[in-house]
J.: 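So that we are looking at the same thing, I have put the structure below in structure tokens.
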Protein chains: 2
Amino acid sequence: MPRPSSPILSPEIIGEAGLALSRAGEPFGVNAIARHLGVRPSSLYNHVGGMDGIVELMRARLLVAYPVELPRERWDDYVVTMLRAQREMYAEHPRLVPLLVGTTTSSPPVIDAYDDLATILATAGFPEGEILSIIAVLDAFAIGFGLDLAAPDDIWQPQEETRTLGRLLESSERGRARADLTFEIGISVLIDAFRMRLAATKKKGAQASAAAVDR
Amino acid sequence: MPRPSSPILSPEIIGEAGLALSRAGEPFGVNAIARHLGVRPSSLYNHVGGMDGIVELMRARLLVAYPVELPRERWDDYVVTMLRAQREMYAEHPRLVPLLVGTTTSSPPVIDAYDDLATILATAGFPEGEILSIIAVLDAFAIGFGLDLAAPDDIWQPQEETRTLGRLLESSERGRARADLTFEIGISVLIDAFRMRLAATKKKGAQASAAAVDR
DNA sequence: ACCTGAACACCGTTCAAGT
DNA sequence: ACCTGAACACCGTTCAAGT
């Protein structure tokens with residue numbers, strides 16, 4: 001059957017299959033996806049432009065698959081909610097992360113999501129010249145914490161005597177509890193610091209306005 | 001020439017070749033390394049246990065290749081110096097990062113480095129139950145900013161009108177300058193927040209001691 | 001002890017052939 | 001328009017053969 005009466009493939013089907021395999025911790029390359037869909041690898045090339053195109057499809061579908069209802073009243077609620085969702089997302093797809101970071105994207109849902117965040121931060125009063133950097137900081141955190149959550153329990157296995165590390169490894173929380181503690185510390189640290197930064201910016205702005213009125 | 005009079009391979013040579021290829025942005029797999037060393041892929045298996053072993057060798061050599069003189073007087077100087085060095089390290093080996101994160105290690109130089117950090121933080125007065133999480137936060141940070149530094153200039157390419165993102169992309173710094181601004185914001189945010197956290201911990205400790213004396 | 005050569009089971013990608 | 005089958009240039013890994 002060289003050609004079915006109705007197409008059995010589509011970019012959506014391919015992207016979804018890739019995500020399903022990734023979520024299951026299995027390989028999600030061209031061959032693996034084709035096998036999973038009961039089709040030959042070369043068939044995929046009628047719908048997508050190779051592995052890069054598949055990754056881009058997965059990235060876009062990943063965003064719509066995590067339809068967090070983001071609170072728009074306060075920037076800090078927005079950021080915290082977003083970070084929590086992204087952390088889960090990255091943790092569920094750890095092997096996809098390296099393919100996502102550091103690659104250019106122009107897919108509309110992704111651009112829209114970042115445009116939303118940029119707008120919220122600008123409205124909140126963060127200096128425009130810093131906003132892209134703040135977004136990069138948030139991205140770095142989400143990725144880092146997602147990977148931390150996905151990491152195995154025993155990242156370090158000391159063979160010899162240690163001064164501190166071995167003791168801490170024995171006495172500390174493990175697994176999900178440790179990862180969650182890490183995330184809570186990280187997120188409170190981050191939000192506190194950004195709040196301080198915003199307050200300082202506003203104060204400077206107010207001083208500048210007052211000085212202008214004085215003259 | 002099936003066997004040379006003196007060995008032409010060793011774990012050190014193999015690890016170093018892998019790092020050199022990675023730093024050059026070239027593939028650094030078993031085949032690529034063998035080609036680079038003028039040897040057959042199967043030869044490597046006399047010295048290392050496959051690709052995983054090579055990655056572990058690269059990890060260990062990466063640490064000794066960045067012999068930062070870490071200031072031990074103040075925990076914050078130590079952390080800042082370490083983060084700067086690690087960021088450069090990750091930025092120079094972006095494709096190695098996904099192979100390093102989330103994998104167990106027991107190689108002594110790596111363990112030693114983390115034991116050092118843990119000891120400094122414990123001595124500084126951070127609560128023992130939080131130190132592993134703080135280290136994870138620092139790791140997440142270094143990785144995130146290293147990848148940010150290695151990322152292409154145009155991560156987003158909006159095709160349609162945006163509310164804020166497009167404007168910021170046009171007006172903001174680019175390339176190295178933008179990445180450095182991101183890092184400086186991130187690092188000041190992080191250190192400030194940890195300082196506050198440490199101060200709060202010490203205050204609580206002092207109150208507890210005072211209360212104990214009262215009784 | 002250490003490098004080779006052949007073999008195996010994988011990749012991603014191209015393209016003419018079939019309907 | 002869309003799936004196939006064969007082909008290509010890659011992977012990582014094993015193992016008997018050679019010195």
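Below, chain A is the first sequence line, B the second, and so on; all start at residue 1.
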J.: List the residues meeting ring pair (Phe, Tyr, Trp, His ring centres under 6.0 Å) with B/Phe126, not counting sequence neighbours, and say none if there are none.
T.: B/Trp75

J.: Could you give all pairs that pass the side-chain hydrogen bond (donor to acceptor under 3.5 Å, both in side chains) test and reach residues 24-40 of chain B, with sequence neighbours left out?
T.: none

J.: Pick out which of B/Thr123, B/Asp116, B/Thr119 makes a side-chain hydrogen bond (donor to acceptor under 3.5 Å, both in side chains) with A/Thr164.
T.: B/Thr119

J.: Within the distance-only criterion (no hydrogens, no angle test), does the side chain of A/Asp77 pair as donor or acceptor with the backbone N or O of A/Arg74 below 3.5 angstrom?
T.: no

J.: Taking atom P of D/dT19 as reference, at what distance in whole Å does atom CG of B/Asn46 sit?
T.: 17 Å

J.: Nearest whole Å is fine: how far is D/dC15 C1' from B/Tyr45 OH?
T.: 12 Å

J.: Does anything in residues 11-29 of chain B reach DNA chain D, meaning a heavy atom under 4.0 Å, and if so which residues?
T.: B/Gly29

J.: Under a 3.5 Å distance rule, please check whether A/Thr201 uses its side chain to pair with a backbone N or O of A/Arg197 as donor and acceptor.
T.: yes

J.: For residues 142-150 of chain A, please give each side-chain donor-acceptor pair under 3.5 Å, one per line with the distance, not counting sequence neighbours.
T.:
from: A/Asp148; atom 1: OD1; to: A/Arg178; atom 2: NH2; distance (Å): 2.7
from: A/Asp148; atom 1: OD2; to: A/Arg178; atom 2: NH2; distance (Å): 2.7

J.: Taking only residues two or more places apart in sequence or in another chain, which ones pass side chain to side chain contact (heavy atoms under 4.5 Å, CB included) with B/Ser10?
T.: B/Glu12, B/Ile13

J.: Is there a side-chain contact between A/Ile191 and A/Met196, using heavy atoms and a 4.5 Å cut-off?
T.: no

J.: Could you list, one pair per line, each protein nitrogen or oxygen that sits under 3.5 Å from a nitrogen or oxygen of nucleotides 5-10 of chain D, together with the distance?
T.:
from: D/dG5; atom 1: O6; to: A/Ser42; atom 2: OG; distance (Å): 2.7

J.: Apply ring pair (Phe, Tyr, Trp, His ring centres under 6.0 Å) to B/Phe194 and list each qualifying residue two or more places apart in sequence or on a separate chain.
T.: none

J.: Within this structure, what is the CG-to-C1' distance between B/Leu44 and D/dT14, rounded to whole angstrom?
T.: 14 Å

J.: Rounded to the nearest Å, what distance is computed from the CG atom of residue B/Leu37 to the P atom of nucleotide C/dC2?
T.: 16 Å

J.: Determine: side-chain N/O of B/His47 to OP1/OP2 of C/dC3, distance under 4.0 Å, yes or no.
T.: yes

J.: Can you name the ring pair (Phe, Tyr, Trp, His ring centres under 6.0 Å) partners of A/Tyr78, sequence neighbours left out?
T.: none

J.: Who passes side chain to side chain contact (heavy atoms under 4.5 Å, CB included) against A/Pro98, sequence neighbours left out?
T.: B/Pro98

J.: May I ask you to list the residues of residues 50-57 of chain B, by number, that have any heavy atom positioned under 4.0 Å from an atom of DNA chain D?
T.: B/Gly50, B/Met51

J.: With sequence neighbours left out, write down each residue that passes side chain to side chain donor-acceptor pair (under 3.5 Å) with A/Thr162, or none if nothing qualifies.
T.: none

J.: Let me have DNA chain D in dot-bracket notation, would you? Count Watson-Crick plus G-U wobble pairs, both distances under 3.5 Å, and use [ ] for pairs crossing earlier ones and | for inter-strand partners.
T.: ||.|||||...|||||.||

J.: Walk me through it: do A/Thr105 and A/Glu56 pass the test side-chain hydrogen bond (donor to acceptor under 3.5 Å, both in side chains)?
T.: CA-CA 8 Å; A/Thr105 186; A/Glu56 197 55 30; 2.4 Å; yes

